[in-house]
Amino acid sequence: MTTQSPLFSFEFYPPKTEEGAENLHLVHSKLAQLNPDFFSVTFGAGGSTRDKTFDTVVGIQAKGIAAAPHLSCVASTKDNIRQILKDYQDHGIARIVALRGDIPSGMMSAGEFRYANELVDFIRQETGDYFQIHVAAYPEVHPQASNASEDFKNFKRKVDAGANAAITQYFYNAEAYFYFQDNCAKHGIDIPIVPGIMPITQYAQLFRFSEMCGADIPRWMRKRLESFGDDRDSVQAFGLDLVSKLCQRLLDNGAPGLHFYTMNQSAPTLAILDNISH
Ligand code: FAD
């Protein structure tokens, strides 16, 4: 049972258009009222959003609540990571979500860092303890891992390199998270492992995305979602009930907080947080 108040964080992607930027401004102001621990901003595959991620992070930080850029190894060199770290330090940004990223199809080389543990190590070498570093964790196992125990060893490498906290890939099987937590305790890993939460608002995209990132949609859940067909209201009502219960169970059983993949929408996240006691 957790005794401290849970930490909440909200993830955005950098908007591509002016309309997207206006929407994000509104979404941010609604979610900011919950006074989250921080907002994070994703980094496009292969570094494609580098400038947009930077501008979005700096804009959010200037509004008063901490912002954390995601930073990925793919297509990055030591020189450009060094420069980005300096730029973030100059703007008072003190948290980073450090990732490997995925190699976009057609791109041949991964860059100078092969795995996220090497990026964490580099950030520590260059900037000491300045940054609070978050890394990714996979309670349902990373889709490219040779097996679960190798994947866990690789997760531990990131912790040993100096990660302060982890955010999980989203999942709908709470047991996978509890096993992961137990495994961390057995291996002396005591950093917060914050569940990543994906609200359910429609299902075609959720199925596609889950296929790619290795998140399991249990059969009963898939069948229920499919049965709603084009009835979006029923999909959303079912999704809200299911994800709210998941969040409540996670918090009641020791999760230190929740990180929401908001998809730049405020309503689904607000509805879930309204449903749970925290
Ligand atoms: P790693 O920890 O490097 O692991 C990748 C794979 O390599 C795993 O299978 C692991 O077992 C294996 N491995 C790790 N280290 C070693 C090693 N030393 N030797 C051998 N094998 C090893 N992607 C983006 O492009 N942009 C984002 O903004 C973004 N944000 C994300 C946020 C969160 C919270 C999460 C969970 C994921 C995010 N992703 C993002 C997706 C992420 O980049 C992919 O899941 C990617 O495939 C793995 O990244 P990682 O940092 O977990 O990699």
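Order of listing sets the numbers, starting from 1, for every ligand and every atom in it.
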Can you sort out which atoms of ligand 1 are near Leu99, meaning under 4.0 Å from one of its heavy atoms? 27 (C), 28 (O), 29 (C), 30 (N), 31 (C), 32 (C), 37 (C), 38 (C), 40 (C), 51 (O)
Atoms in ligand 1 flagged as close to Ala136, the criterion being non-hydrogen separation under 4.0 Å: 35 (C), 36 (C), 52 (O)
For Asp241, is there an ion pair with Lys245 - N to carboxylate O distance below 4.0 angstrom? yes
Does Tyr170 reach ligand 1, in the sense of a heavy atom lying below 4.0 Å from it? no
Inspect the surroundings of CD in Gln202 and state if more than 12 heavy atoms from other residues, nucleotides or ligands are less than 6.0 Å away. yes
Is Arg157 positioned over the aromatic face of Tyr115, cation under 6.0 angstrom from the ring centre and no more than 45 degrees off axis? no
Which of the ligand 1 atoms, numbered from 1, are nearer than 4.0 Å to a heavy atom of His70: 27 (C), 28 (O), 29 (C), 30 (N), 31 (C), 32 (C)
Crowded around Met221 CE? As in, over 12 foreign heavy atoms under 6.0 Å? yes
Is the closest heavy-atom distance from Tyr138 to ligand 1 below 4.0 Å? yes
Looking at ligand 1, does Asn117 have a heavy atom less than 4.0 Å from it? yes
Regarding ligand 1, does Ala116 bring an N or O atom to under 3.5 Å of one of the ligand's N or O atoms? yes
Contact atoms of ligand 1, heavy-atom distance to Gln169 under 4.0 Å: 36 (C)
Quick check: do Lys158 and Ile133 have side-chain heavy atoms less than 4.5 Å from each other? no
If you take the nearest heavy atom of each of Tyr115, Phe43, Phe152, Phe155, which one is closest to atom 27 (C) of ligand 1? Phe43
Would you find a donor on one side and an acceptor on the other, under 3.5 Å apart, between the side chain of Glu11 and the backbone of Ser40? no
Classify the contact between Ser72 and ligand 1 as side chain, backbone, both or neither, using a heavy-atom distance cut-off of under 4.0 Å. neither
If you measure from each non-hydrogen atom of Arg157 to ligand 1, which part falls under 4.0 Å: side chain, backbone, both or neither? side chain
So if you build clusters from Ile, Leu, Val, Met, Phe, Trp, Tyr with side-chain heavy-atom gaps below 4.5 Å, do Ile197 and Leu34 land together? yes
The ring-ring contact (aromatic ring centres under 6.0 Å, His included) partner of Phe238 among Tyr172, Phe228, Tyr203 is Phe228
Going by distance only, is there an N or O of Asp102 that falls short of 3.5 Å from an N or O of ligand 1? yes
Neighbour count above 12 (heavy atom, 6.0 Å) for Phe209 CZ: no
If we set the cut-off at 4.0 Å for heavy atoms, which region of Tyr261 has an atom near ligand 1: side chain, backbone, both, or neither? side chain
Heavy atom under 4.0 Å from ligand 1: found in Lys158's side chain, backbone, both, or neither? side chain
N or O pair under 3.5 Å between Asn154 and ligand 1: yes
In terms of relative ring orientation, are Phe12 and Phe39 parallel, tilted or perpendicular, with 30° and 60° separating the classes? parallel
Parallel, tilted or perpendicular: rings of Phe152 and Phe155 (30°, 60°): tilted
Joint cluster assignment, Phe10 & Tyr13, ILVMFWY side-chain distance < 4.5 Å: no
Is Asp151 close to ligand 1, meaning an N/O of one under 3.5 Å from an N/O of the other? yes
Could you pull out, from His259, Arg100, Glu150, the option with a heavy atom nearest to atom 5 (C) of ligand 1? Arg100
Tell me whether Gly101 has any N or O atom under 3.5 angstrom from an N or O of ligand 1. yes
Which ligand 1 atoms, with their elements, are less than 4.0 angstrom from a heavy-atom of Thr42? 28 (O)
Is it true that Gln144 lies under 4.0 Å from ligand 1, counting heavy atoms only? yes
